[in-house]
Amino acid sequence: MRYLFYIFIVFLASNSFAANKTNPDIGLNTLFTYTSSTEGNSGGGETTNGFAFQEAELSISSNIDTNFRGSAIFAFENEGGEFHFVPEEVFVETLSIDSVTFRLGKFYPFFGRSNQWHTHAFPFIDANQTREQIFGEEGFNEVGLSVSYLAPTPWYLEFVAQVFNGDNERAFASGVNDDVVGVYYLKSLWDLSGDSTLEWNLSYAHGRTQLNEQNDVYNTALTYINKFSNSQKLILTSEYTQAQYVLIANEDVPGTFDSTFRTGVSSTWVQFQFLKEWWAQARYEVVSNILNASAEDTTKTSGLIAYVPSEFSAIRLQYDSIDDPAADEVEQRVILQLNLTTGFHPAHSY
Amino acid sequence: MSRLKVREFKKKGGRQLWVAYVLIPTLLLTVGFSLEARGALKVVATTTTLASFFQEVGGDRVEVKSITRKNQDPHYVEAKPSYMVILRQADLFASVGLDLEVGWIGLIQRGAKNSRIQEGQPGFFEAGNHVEVIEVPEGKVDRSQGDVHPYGNPHFHLDPMRAIKAVQAVEAKLVELDPKSKEIYLKRSKDFQKRIASKIDLWKKRVKASGVKNVITYHKSLNYFIRFFGLEKIGNIEPKPGVPPTAKHIIGLIKLMKEKKVLCILNESYFEDTAARRLQKVTGAHVEIVDVEVQSYYTELIDSLVRSIEACGKGRN
Ligand SMILES: [Zn+2]
């Protein structure tokens with residue numbers, strides 16, 4: 001049924017493309033990686049040493065008419081050597097209503113600073129722990145409706161109310177309990193000067209888990225951006241997510257879960273463009289069990305250097321050190337990524 | 001009968017009260033808003049040049065803002081949410097078009113949540129649609145050629161005749177959106193066009209008298225200016241649009257400049273001038289850092305470019 005819906009939207013979109021004088025914007029992004037980790041391939045973890053085709057992403061977007069805009073992003077994902085073709089986002093948005101935008105379809109909810117970023121736009125090669133720990137590898141991606149309102153204030157102030165079906169293994173599952181997930185989001189951005197801004201996000205998601213428990217997930221994020229010149233820029237971001245429940249499936253006994261716990265995750269990172277084509281970045285993340293104060297936190301420290309000759313290509317080298325108290329030793333990992341885009345490059349959201 | 005009427009009246013009275021409490025404030029608010037809206041037409045332009053055209057034609061009937069600052073490169077702009085705040089109230093969003101702003105315009109246009117300025121609406125204007133452009137690429141364009149402008153060179157405003165064409169389109173748009181002020185727009189537009197046209201001959205004479213025959217520029221921003229004034233463009237400092245100069249390319253340029261006896265390097269003020277300075281050192285050519293978007297008035301912009309050519313002709317830094 002859901003696929004019928006996607007096919008319908010794609011059909012709608014492609015139909016309008018044909019009728020339009022202007023072509024839809026089509027872009028293809030591909031990500032290749034080389035990984036070397038102390039965990040190796042024997043640990044049974046997620047890390048796979050060696051070359052990998054991380055993901056390819058095909059994006060198509062276009063104004064359908066003066067009232068609607070359609071956008072579709074399909075990913076070919078490599079999951080342990082098996083390729084999956086996944087519609088990551090397929091949605092339509094209104095263009096002709098003042099102050100308000102309705103969005104209907106499958107998309108990454110407005111939640112936190114980083115939830116809507118696609119893999120190729122991640123500041124680091126892998127996803128932030130604020131997203132991965134709470135919502136799993138695929139992130140928070142749902143089918144539903146959002147209404148965003150831009151307040152008539154002299155600075156940027158946006159409220160988004162959203163309702164989704166709830167299809168997240170770790171946090172929300174309406175399929176089990178007929179419930180929906182409500183997500184509320186606030187974004188406020190102030191210009192500190194002509195070249196620097198401060199952004200604050202506050203988000204809250206409410207629904208039920210697969211075990212039918214009420215679940216609340218909160219997020220708050222602060223971002224400071226300063227563009228010193230055309231070739232120098234600084235981005236400082238700190239994000240904190242807290243969830244009442246996080247379910248992790250027990251792979252040996254289907255339908256059961258290894259752990260349900262109260263989790264708080266923080267990610268803080270700095271990105272510094274020191275030359276036109278070069279970036280240096282660092283990230284520090286903490287995953288903590290709030291209920292059990294004596295439990296040790298898992299920490300992850302990352303460093304990254306990126307060579308970005310154009311907005312269509314980037315080579316990035318990342319180092320991670322993951323200190324999980326449950327593991328025997330600290331995992332050290334190096335990943336090299338090649339990030340390529342052909343065709344239309346969607347404008348970067350600020 | 002009469003009783004019924006009274007009851008009806010009472011009922012109406014009740015309704016009138018309701019009207020008084022709810023509708024009147026609403027009406028007042030709406031009137032307040034439309035009064036505000038009936039003031040000057042709010043125009044937001046992507047460049048200072050386009051903004052100046054609207055200001056010249058619109059006078060005090062318009063309130064004009066520019067997204068890019070005077071010396072900002074309009075090719076690469078960050079889609080800051082603050083621009084959406086500026087566009088939220090706009091009656092008209094004016095762009096150069098021809099994909100000059102493709103990297104950032106869509107996000108702020110949609111993010112403004114203002115139905116009037118969306119694509120296909122009367123409140124969205126693309127100047128490039130009204131001007132004949134040069135350098136439309138033939139055949140397939142791909143990224144190995146750099147950031148090629150796929151619909152032709154969008155920097156047409158540095159050709160005074162094409163600027164006049166754009167001004168006429170600006171005038172037509174303002175008349176369309178605000179027909180009551182038509183007379184004002186027509187008159188101001190005519191005056192402005194005359195002011196530009198009356199200077200053309202002198203500008204041409206001055207360029208000719210400077211003795212400068214050919215130039216090097218950083219980007220293709222000055223191609224229309226070069227063509228209009230009968231100069232010859234020998235090369236660009238950037239090897240391909242949007243690609244920073246390489247050593248190999250600079251060596252090629254040095255050879256070419258010596259061969260063609262190039263005395264004038266025009267480096268657009270929003271691009272790096274390191275390579276231009278190197279060329280100056282090696283070849284002895286004169287470097288002029290030039291503005292290519294309006295800083296104060298359009299005629300002053302062209303005048304300053306003509307002055308730069310004259311300075312090249314004198315050959316002293
Ligand atoms: Zn250009």
Side-chain angles (χ1 to χ4, degrees), chain A residues 20 22-23 25 61-63 65-69 71 93-102 148-158 187-192 194-197 199 225 227 229-231 233 275-277 309-313 340-350, chain B residues 33 36 68-73 75-90 97 99 101-124 126 129 141-144 146-147 150-151 240-244 246 270-272 274:
Chain A
N20 261 350
T22 43
N23 292 320
D25 302 326
S61 62
S62 177
N63 284 4
D65 55 24
T66 52
N67 298 311
F68 297 104
R69 176 176 179 80
S71 183
E93 252 179 357
T94 56
L95 293 171
S96 54
I97 308 170
D98 284 334
S99 303
V100 171
T101 304
F102 287 89
S148 40
Y149 170 69
L150 185 60
T153 41
W155 76 97
Y156 188 92
L157 182 62
E158 186 187 22
K187 170 177 173 173
S188 188
L189 185 137
W190 299 272
D191 277 48
L192 303 177
D195 296 300
S196 61
T197 56
E199 178 179 333
I225 301 179
K227 193 175 173 176
S229 70
N230 272 341
S231 53
K233 188 175 170 180
L275 288 170
K276 198 169 172 81
E277 299 168 329
S310 79
E311 57 177 331
F312 299 94
S313 66
L340 302 170
T341 303
T342 50
F344 183 80
H345 193 297
H348 289 286
S349 59
Y350 185 73
Chain B
F33 275 120
E36 189 201 30
T68 51
R69 281 171 286 176
K70 282 174 183 174
N71 265 320
Q72 201 180 345
D73 179 0
H75 298 88
Y76 307 102
V77 173
E78 295 184 301
K80 272 203 293 188
S82 345
Y83 300 143
M84 302 171 193
V85 174
I86 297 171
L87 282 170
R88 198 171 56 82
Q89 297 274 19
D99 266 9
E101 303 103 332
V102 67
W104 52 279
I105 195 171
L107 274 179
I108 63 169
Q109 188 176 19
R110 292 191 297 276
K113 304 196 199 302
N114 175 352
S115 63
R116 283 163 296 179
I117 58 153
Q118 300 304 315
E119 232 168 278
Q121 298 295 344
F124 182 55
E126 283 175 285
N129 290 348
V141 177
D142 71 45
R143 301 284 172 199
S144 65
D147 276 343
Y151 301 110
K240 288 166 185 175
V243 178
T246 57
Y270 54 64
F271 292 118
E272 272 277 325
T274 334

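Residue numbering restarts at 1 for every chain, and letters A, B, ... go by the order of the sequence lines.
A donor-acceptor pair shorter than 3.5 Å can be found between the side chains of A/T101 and B/K113.
The two residues A/Y350 and B/A79 come nearest to each other via the heavy atoms CB-O, 3.4 Å. B/S115 approaches A/S96 most closely through the heavy-atom pair CB-O, 3.3 Å.
Looking at A/P309, there are no atoms closer than 4.5 Å to chain B (heavy atoms on both sides), in backbone or side chain. Both the backbone and the side chain of A/D98 come within less than 4.5 Å of a heavy atom in chain B. For A/T197, the part sitting under 4.5 Å from any heavy atom of chain B is the side chain, from C-beta outward, and nothing else. Of the two parts of A/S231, neither the backbone nor the side chain holds a non-hydrogen atom closer than 4.5 Å to a non-hydrogen atom of chain B. A/N67 does not touch chain B: none of its heavy atoms, backbone or side chain, sits under 4.5 Å away. Contact annotation for A/E199: neither backbone nor side-chain heavy atoms come within less than 4.5 Å of a heavy atom of chain B.
Under the 3.5 Å distance criterion, the side-chain polar atoms of B/K80 are matched with a main-chain donor or acceptor of A/G194.
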With side-chain contact (heavy atoms from CB on, under 4.5 Å) as the test, would you mind laying out the steps for A/L189 and B/S82 before giving the verdict? CA-CA 8 Å; A/L189 185 137; B/S82 345; 3.9 Å; yes
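In this structure, the separation between CD on B/E78 and CG on A/D195 is 8.5 Å, given to the nearest 0.5 Å. Rounding to the nearest 0.5 Å places OH of B/Y83 at 14.5 Å from OH of A/Y156. Rounding to the nearest 0.5 Å places OG1 of A/T66 at 11.0 Å from CD of B/E119. The CD atom of B/E272 sits 8.0 Å away from the NZ atom of A/K276 when rounded to the nearest 0.5 Å. B/N114 contributes atom CG, which lies 11.5 Å from atom CG of A/L95 (distance to the nearest 0.5 angstrom).
Counting non-hydrogen atoms of other residues, nucleotides and ligands closer than 6.0 Å to NZ of A/K227 gives a total above 12.
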